[in-house]
A.B. asks: 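Quick one: this structure, given as structure tokens, is what I'll be asking you about.
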2 protein chains.
Amino acid sequence: MSHPLRTHIEAVSKLTDEEFDHILSHFTPVKLKKHSSLVREGDLVKHEYFVLKGCLRSYITDNTGKEFTYQFAVETWWISEREAFMKHTPASTAIECLEDCQLLALSYEDREKLGRELWKYEHYLAVKSNMGYVALQKRLQLMIMGSAKERFENFVHQYPHLYNRIPKTHIASYLGVSRETISRLYRK
Amino acid sequence: MSHPLRTHIEAVSKLTDEEFDHILSHFTPVKLKKHSSLVREGDLVKHEYFVLKGCLRSYITDNTGKEFTYQFAVETWWISEREAFMKHTPASTAIECLEDCQLLALSYEDREKLGRELWKYEHYLAVKSNMGYVALQKRLQLMIMGSAKERFENFVHQYPHLYNRIPKTHIASYLGVSRETISRLYRK
DNA sequence: GGGGTGAAAGGACATTTGTCACTTAAAAAT
DNA sequence: ATTTTTAAGTGACAAATGTCCTTTCACCCC
């Protein structure tokens, strides 16, 4: 059974054992308890993370205390605060663990280094970034064109495993509806 | 007075006269009349476009005939159908001219070629792509957290020059509200 | 320069979704 | 096990926004 990170990269381009070992040697394991924070608003974000085990979300809180969930991450997903990580500015979104988590951390410097050393890694990043952009476009489109019901059904269909794993409150804040609305839809 | 495309690239990195002339030599001028289509749904998209003069929008139409505007473009902006252009798949969004337009077209092959030949161009693309991602995130966030009023006011504040140039119908479809709602907000 | 065409404004009403207050259920802590 | 805390379900009502329809305005175009 191959390493989950290897599987993930090889969905884009195949690696030799040496290449993968070299890549993996730049990652640092991180363990976190449920409810702990990986990133707090205002932090500098020096790493991005690959999830080995557990579940996290990134979110922001507005001045009235309402939350908006940008992203969830479970096994084999990446998570970070992209803008802060890239530009070395303070984080405007927070990241918290929804379960006990095991992560692999990669620093900004090592990411750059890997990209320079290994074209396949650079390419993997470019493909990943592009897929992220397209996915975000789709989400925006659904947000604008779809009703609460359509958004909810799409979520359940797209992420059946998340739907029973993540508190409804957070799913609601990801979909941009109230928790009560989710309840009402769920009933039917 | 420098060429608008040069100014745009040089906001990221400075070019020599030779470099810019080399870049520019890969672009083809395109002229289009108001109301004409640059891309139709289902087309293959072989070029991306830099706007010299005029105004365009990209949009999709759902099965009930309702439209959603992805993007506007005026002087010095780029426009294309990113997914179709990148993946060589049929376009799922259309692009139309809201005014008479003068554009510069760059083919996929030439784009790749320029990126390979001139690192500064590759870098310019990467920066542009990253800014696009962050902007899209901000738009999604505002869409989810903001009221119709907030979204509208943000638009007017962010693009004061577009607000009097583009039909309200299209601004409404960009903001994900009905035209009537825009009218009501504008009244006050 | 009058007739036609498309965009915007406005009112009445319907629908969706949010808010609040309360109850129930489940999970965590001691 | 019992208590305490947290999440979810529910109903009544309010607010925001959409829909439909009519009127007005502005701009083109023979």
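Residue numbers start from 1 in every chain, and the chains themselves are labelled A, B, ... in the order their sequence lines are given, proteins ahead of strands.
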A.B. asks: Report, one pair per line, the protein and nucleotides 23-29 of chain C atoms (nitrogen or oxygen only) whose separation is under 3.5 Å.
C.D. replies:
none

A.B. asks: Angle class for the B:W78/B:F50 ring planes (parallel below 30°, perpendicular above 60°, tilted otherwise)?
C.D. replies: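 B:W78 and B:F50: perpendicular rings.
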A.B. asks: Tell me if the side-chain of B:R184 makes a donor-acceptor pair with the base of C:dG11, cut-off 3.5 Å, by modelled atom types.
C.D. replies: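 Result: no qualifying N/O pair found.
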A.B. asks: Between A:M145 (CE) and D:dG18 (C1'), how many Å, whole number?
C.D. replies: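 My rounded result for the distance is 15 Å.
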A.B. asks: Quick one: B:I182 CD1 to D:dT19 P, roughly how many Å, whole number?
C.D. replies: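 Roughly 14 Å, once rounded to whole Å.
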A.B. asks: What's the spacing between A:E150 CD and A:M145 CE if we round to 0.5 Å?
C.D. replies: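 Answer rounded to 0.5 Å: 9.0 Å.
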A.B. asks: Which heavy atom in B:E81 sits nearest to a heavy atom in B:I95, and how many Å separate them?
C.D. replies: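 B:E81 and B:I95 have their closest heavy atoms at N-CD1, 4.1 Å.
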A.B. asks: Would you say a side-chain N or O of B:T169 is under 4.0 Å from OP1 or OP2 of C:dA8?
C.D. replies: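 For C:dA8, OP1/OP2 do have a side-chain N/O of B:T169 under 4.0 Å.
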A.B. asks: Report the nucleotide, chosen from C:dT17, D:dT17, D:dA8, that has the shortest atom-to-atom distance to any side-chain atom of A:S147.
C.D. replies: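 Nearest nucleotide to the side chain: C:dT17.
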A.B. asks: Taking CG from A:L98 and P from D:dA7, how many angstroms apart are they, rounded to a whole number?
C.D. replies: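 My rounded result for the distance is 11 Å.
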A.B. asks: Tell me: CD1 of A:I166 to C1' of D:dT6, nearest whole Å?
C.D. replies: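 Going from CD1 in A:I166 over to C1' in D:dT6 covers 17 Å.
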A.B. asks: 5'-most contact on DNA chain C: A:R179 or A:G176, nearest heavy atom basis?
C.D. replies: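 Residue closer to the 5' terminus by nearest nucleotide: A:G176.
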A.B. asks: Classify the ring geometry between B:H26 and B:H22 as parallel (under 30°), tilted (30 to 60°) or perpendicular (over 60°).
C.D. replies: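 Correct class here is perpendicular.
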A.B. asks: What is the distance from CG of A:L185 to P of D:dA8, rounded to the nearest Å?
C.D. replies: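 Rounded to whole Å, this separation is 15 Å.
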A.B. asks: In whole angstrom, give the distance that lies between atom CD of B:E150 and atom C1' of C:dG18.
C.D. replies: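 That distance rounds to 15 Å.
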A.B. asks: Would you mind telling me which of C:dG18, C:dG11, D:dG9 lies closest to the side-chain atoms of B:E180?
C.D. replies: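 Closest nucleotide to the B:E180 side chain: C:dG11.
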A.B. asks: In whole angstroms, how far is the P atom of D:dA8 from the CZ atom of A:R165?
C.D. replies: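 Going from CZ in A:R165 over to P in D:dA8 covers 15 Å.
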A.B. asks: When you check the side-chain N and O atoms of B:H170 and B:Y59, is any donor under 3.5 Å from an acceptor?
C.D. replies: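 There is no such pair between these side chains.
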A.B. asks: Is there a side-chain contact between A:H123 and A:W119, using heavy atoms and a 4.5 Å cut-off?
C.D. replies: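 In short, these two side chains touch, coming nearer than 4.5 Å.
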A.B. asks: Can you see which heavy atom on B:A105 is nearest to which on B:V30, and at what distance?
C.D. replies: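 For B:A105 versus B:V30, the nearest heavy atoms are CB-CG2, 3.9 Å.
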A.B. asks: Figure out the CG/P separation between B:D100 and D:dC28, and round it to whole Å.
C.D. replies: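 Spelled out: CG on B:D100 to P on D:dC28 is 11 Å.
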A.B. asks: Check whether any side-chain nitrogen or oxygen of A:T181 sits under 4.0 Å from OP1 or OP2 of C:dG18, and answer yes or no.
C.D. replies: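 Yes, A:T181 has a side-chain N/O under 4.0 Å of OP1/OP2 on C:dG18.
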A.B. asks: If you assign A:H35 and B:S178 each to the DNA chain D nucleotide with the nearest heavy atom, which residue ends up on the more 5' nucleotide?
C.D. replies: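 On the 5' side of the pair lies A:H35.
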A.B. asks: Is the phosphate of C:dT15 approached by A:K149 (side-chain N or O, under 4.0 Å from OP1 or OP2)?
C.D. replies: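 For C:dT15, neither OP1 nor OP2 has a side-chain N or O of A:K149 closer than 4.0 Å.
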